[in-house]
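Side chains included, hydrogens not; waters and symmetry mates left out as well; all remaining heavy atoms used.
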Amino acid sequence: MKEFSYEYDPAKRFKQKNNFAKINRVPRRRSEPNALEWRLQKALGPSFTYTGNGSFTIDNLKPDFVDKTRKIVIEAYGDYWHRNEPLAKTIGKVARYQRQGYRAIIIWESEINDPIKLRRKLSLI
C-alpha cells in the first residue's frame, strides 16, 4: 500500500490564492445599477438620474439617484449590505447632503419590494 504524502509550500499557496497582480490588470468599468436600483429607477421616473456609478459626487459622497433641478438625493440601501451600518453614519451622510443644499431620502430594499411603502416614501418628494 502506497502512503500518501502531501508537501505544503506556503509561498506557492499564497501565489495561487491571492494573485493580486491579475486582479489589478483588469480594466475598471463604471458599475451599472443592480436589480434593486433598476426597480427604483422605474418608480422614480425620468426626473431622477442614476449616479451610483460615481458620475456625480456631493462632498465626496456618491448618491444613487439625483434630481439636480429640485436638489433631491436618493440613496438606495440594500437590506443585506446596509443592515449593520451604524445609524450615526447614515445621519452623517444626510447632514453632509443637507449642508450642500440637497434633500436626502433613504429608501430601503424592503420598501422597494413593497409598492405601498414605496409610494408612501416617494410622496415625501
Side-chain angles (χ1 to χ4, degrees):
M1 191 159 148
K2 189 175 181 182
E3 265 189 52
F4 178 75
S5 65
Y6 178 73
E7 293 180 24
Y8 179 71
D9 183 10
K12 185 177 180 182
R13 293 291 295 164
F14 181 77
K15 286 179 186 175
Q16 287 174 350
K17 282 188 173 183
N18 303 321
N19 197 347
F20 296 113
K22 284 183 184 177
I23 294 170
N24 289 333
R25 283 194 304 253
V26 174
R28 300 278 186 243
R29 294 183 297 200
R30 290 188 176 206
S31 64
E32 293 182 2
N34 58 27
L36 169 76
E37 292 163 338
W38 279 115
R39 288 195 309 263
L40 184 56
Q41 177 69 48
K42 274 186 178 179
L44 290 173
S47 64
F48 284 89
T49 55
Y50 175 73
T51 58
N53 57 7
S55 61
F56 182 75
T57 59
I58 301 170
D59 197 18
N60 289 332
L61 295 173
K62 297 175 181 114
D64 292 321
F65 297 96
V66 175
D67 183 355
K68 293 178 185 175
T69 57
R70 294 187 290 171
K71 289 200 153 198
I72 299 173
V73 169
I74 293 183
E75 288 280 351
Y77 277 10
D79 293 334
Y80 179 78
W81 292 107
H82 294 278
R83 69 178 172 222
N84 294 328
E85 188 169 293
L87 183 61
K89 184 176 179 181
T90 304
I91 291 171
K93 276 185 176 180
V94 171
R96 287 171 65 185
Y97 286 133
Q98 287 176 344
R99 273 186 257 137
Q100 300 299 324
Y102 285 85
R103 281 188 347 188
I105 297 173
I106 296 175
I107 298 179
W108 286 88
E109 181 178 3
S110 57
E111 294 171 331
I112 294 171
N113 293 333
D114 184 5
I116 295 169
K117 285 182 180 179
L118 183 60
R119 263 190 250 120
R120 191 177 304 142
K121 187 70 101 143
L122 293 180
S123 68
L124 298 173
I125 300 173

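Transitive grouping of hydrophobic side chains (ILVMFWY, heavy atoms separated by less than 4.5 Å) keeps Val94 and Ile58 in distinct clusters. Under the 4.5 Å side-chain contact rule for hydrophobic residues, Leu122 and Val66 do not share a cluster. Hydrophobic clustering (side-chain heavy atoms under 4.5 Å, transitive across Ile, Leu, Val, Met, Phe, Trp, Tyr) keeps Ile105 apart from Trp108. No continuous path of hydrophobic side-chain contacts links Ile106 to Phe48 [ILVMFWY only; heavy atoms under 4.5 Å].
Taking CD of Glu37 as the reference point, atom CD1 of Ile107 lies at 11.5 Å (rounded to 0.5 Å). Atom CG in Asn113 sits 9.5 Å away from atom CG in Leu118 (nearest 0.5 Å). Distance check, rounded to the nearest 0.5 Å: CG of Asp114 to CZ of Arg120 gives 8.0 Å. For the atom pair CZ (Phe65) and CD (Gln41), the distance works out to 5.0 Å, reported to the nearest 0.5 Å.
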What side-chain donor-acceptor pairs closer than 3.5 Å can you find for residues 67-77, not counting sequence neighbours?
from	atom 1	to	atom 2	distance (Å)
Asp67	OD1	Thr69	N	3.3
Asp67	OD1	Thr69	OG1	2.8
Asp67	OD2	Arg70	NE	2.7
Asp67	OD2	Arg70	NH2	3.1
Glu75	OE2	Tyr97	OH	2.6
Tyr77	OH	Glu85	OE2	3.4

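For Ile116, the CD1 atom counts as loosely surrounded, since its 6.0 Å shell holds 12 or fewer non-hydrogen atoms of other residues, nucleotides or ligands.
Applying the salt bridge (charged side-chain N to carboxylate O under 4.0 Å, His left out) criterion to Arg39, with sequence neighbours excluded, gives no partner residue. Listed by chain and number, the residues in a salt bridge (charged side-chain N to carboxylate O under 4.0 Å, His left out) with Arg103 amount to none (sequence neighbours excluded). The salt bridge (charged side-chain N to carboxylate O under 4.0 Å, His left out) search around Glu109 returns none, not counting sequence neighbours. Considering only residues two or more places apart in sequence or on other chains, Lys121 meets the salt bridge (charged side-chain N to carboxylate O under 4.0 Å, His left out) condition with Glu111.
Residues Trp38 and Leu36 are not in side-chain contact: their nearest non-hydrogen atoms beyond the backbone lie 4.5 Å or more apart.
Side-chain atoms of Thr51 come within 3.5 Å of backbone atoms of Pro63 as a donor-acceptor pair (strictly under, hydrogens ignored).
For residues 52-65, the salt bridge (Lys or Arg N to Asp or Glu O under 4.0 Å) pairs, not counting sequence neighbours, are Asp59-Arg96.
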>> Please determine whether side-chain contact (heavy atoms from CB on, under 4.5 Å) holds for the pair Ile91 and Leu87, giving the CA-CA distance in whole Å, both sets of side-chain angles, and the decisive distance to 0.1 Å.
In response: CA-CA 6 Å; Ile91 291 171; Leu87 183 61; 3.7 Å; yes
